[in-house]
Protein chains: 2
Amino acid sequence: MSVQERKERERAERERLIVATARELAEQQGWDAVTTRQLAERIEYSQPVLYSHFHGKREIIGAVALEGATEMAAAVRAATSAAEGPRARAAALARAYLDFAASNPAVYDAMFQLDGGLAFAVDDTPPPLKDAFAALLETLTEVAGEGVHPGLFTEVFWASLHGLATLARAGRLHPEFAERRVELLVDRLAVL
Amino acid sequence: MSVQERKERERAERERLIVATARELAEQQGWDAVTTRQLAERIEYSQPVLYSHFHGKREIIGAVALEGATEMAAAVRAATSAAEGPRARAAALARAYLDFAASNPAVYDAMFQLDGGLAFAVDDTPPPLKDAFAALLETLTEVAGEGVHPGLFTEVFWASLHGLATLARAGRLHPEFAERRVELLVDRLAVL
DNA sequence: TATCTTGTCTAGCGGTGCTAGGATCGAGTC
DNA sequence: GACTCGATCCTAGCACCGCTAGACAAGATA
């Protein structure tokens, strides 16, 4: 029994190592540099070991994405709970979201730009992703406005943030407008 | 003289063929299917011919992106000029933008998701891209609101549309809310 | 100690973007 | 009309990718 338990523990530990290494490598050199060979070398195992943990590279990206979703949900909740008043909470949410995207570009890519093989079909959406959306919903519901479906409003608000995050990082928007964009977005979308 | 002119004409024609074929193949089977081998076979030339026209695959993607930007600008202008009143024009712009993204996913990817090697550093941005932004600016300026920088407002509006377009296509948003999302976005962002 | 299962690695498959170097074709010249 | 020569194109191959079959060794079981 104990032997098997030890092995399972070691396996789980190695799996965490794979995900952490993939994430680290992606943040350092971009996802293009995250090849199975490079990744295998960094964890000091051969390539096939990766495939005994994940069905393919896509699943590794998906694992990084789920980790990121959990962290993003936490970051958003921490920021909103520290703010007072609906308007301030919505603004804090927006800034926390954009900060996370800017600070963890590779993770954000794994979540929304790359194919991590994650399902989004309402039912079998992984819990961390549902929870990240829920974190947005909690704060945004109070500024959705009368008679506006909170989920609908959250989708619009989220999409706007997503657009700002991706276009800003791609160098498509004027960097000096960053703060004013957030102000404008919150002012217009949020109903107090 | 005439011989050289004919050759240049044929070269230009072949270049158009390459871009058109890449675009067609991408729309049919996705950009993953657009390999240099597949592309070469479709135009009935060998691979190296591609490299006598473009420095690499990235440049071919960039060419498709520029073509798409021109078309999108035209589509937006056509839609807005057919609408009456600022609110109707802004709504028409939003729908035209989202329609274009939904109808030409591969082209939209070339423009905003893939690396087409296009510059965006204010000065050396290719004219078609500048013009596409200008097309948005023309209509959105009139609903930016008092004292709001039109360029800033356009960036925010555009980012929101971009977010809606990408998240919707990735299956991240509820399809049945599509029209209501546009209504909500225009209602909140546009100042009449 | 002998057996056997489990886990890991070596080697290799078919694919990718890209390119060096040889063959071929056609334009210009005698 | 034959010939030279330069432009043009293709064959073949490089290094890399994601992924996997099968040999092999280490460790648990008896």
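Heavy-atom basis, side chains included; hydrogens, waters and symmetry copies ignored. Lettering follows sequence order; numbering is per chain, from 1.
The side-chain tip of B:Arg181 does not point at the ring of B:Phe177 from less than 6.0 angstrom away and within 45° of straight on. At least one test fails for A:Arg172 against the ring of B:Phe112: distance under 6.0 Å to the centre or angle within 45° of the axis.
The two residues A:Val64 and A:Ala22 come nearest to each other via the heavy atoms CG2-CB, 4.4 Å. Contact between A:Leu129 and A:Ala69 at its shortest, heavy atoms only, is CD2-CB, 3.8 Å. Closest of all the heavy-atom pairs between A:Ala94 and A:Val182 is CB-CG1, 4.0 Å. Residues B:Phe153 and B:Val148 share a closest heavy-atom pair of CB-CG1, 4.0 Å.
In terms of hydrophobic clustering, with Ile, Leu, Val, Met, Phe, Trp and Tyr side chains grouped at heavy-atom distances under 4.5 Å, A:Met111 and A:Leu66 are assigned to different clusters.
Electrostatic pairing of B:Glu183 and B:Arg180 does not count as a salt bridge here, judged by no charged N lying under 4.0 Å from a carboxylate O.
Of the possible polar contacts, none joining the B:Ser103 side chain to the B:Phe100 backbone as a donor-acceptor pair under 3.5 Å is found.
The distance between atom CD1 of B:Ile43 and atom C1' of D:dC9, rounded to the nearest whole Å, is 12 Å. Spacing between atom CD1 of B:Ile61 and atom C1' of C:dG17 amounts to 11 Å, rounded to whole angstrom units. Atom-to-atom, CD of A:Gln38 to C1' of D:dA15 comes out at 15 Å; the value is rounded to the nearest Å. One can place NZ of A:Lys57 at 19 Å from P of C:dG15, the figure rounded to the nearest angstrom. Rounded to an integer number of Å, the gap from CG of B:Leu50 to C1' of D:dT8 is 15 Å. Rounded to whole Å, the distance from CG on A:Leu39 to P on D:dG18 is 9 Å. One interatomic measurement links the two molecules: CD1 of B:Ile60 to P of C:dG17, which rounds to 9 Å at whole-angstrom precision. Rounded to a whole Å, the CZ atom of B:Arg58 is 14 Å from the C1' atom of C:dC18.
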Could you list all N or O pairs between the protein and nucleotides 4-9 of chain C that sit under 3.5 Å apart?
from  : atom 1 : to      : atom 2 : distance (Å)
C:dT8 : OP1    : A:Arg14 : NH1    : 2.9
C:dT8 : OP2    : A:Arg14 : NH2    : 3.1
C:dC9 : OP2    : A:Ser46 : N      : 3.0
C:dC9 : OP2    : A:Ser46 : OG     : 2.8

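Considering CG of B:Leu161 and CZ of B:Arg95, their distance stands at 11.5 Å, rounded to 0.5 Å.
For the pair A:His53 and A:Glu59, the minimum side-chain heavy-atom distance is 4.5 Å or more.
Remark: A:Tyr51 is in phosphate contact with D:dC19, judged by side-chain N or O atoms under 4.0 Å from OP1 or OP2.
The overall bend of the helix from C:dT1-D:dA30 to C:dC30-D:dG1, read as the angle between its terminal helix axes built from five base pairs each, is 20° when rounded to 10 degrees.
Heavy-atom distances under 4.0 Å link DNA chain C to B:Val34, B:Thr35, B:Thr36, B:Arg37 of residues 17-37 of chain B, given in residue order.
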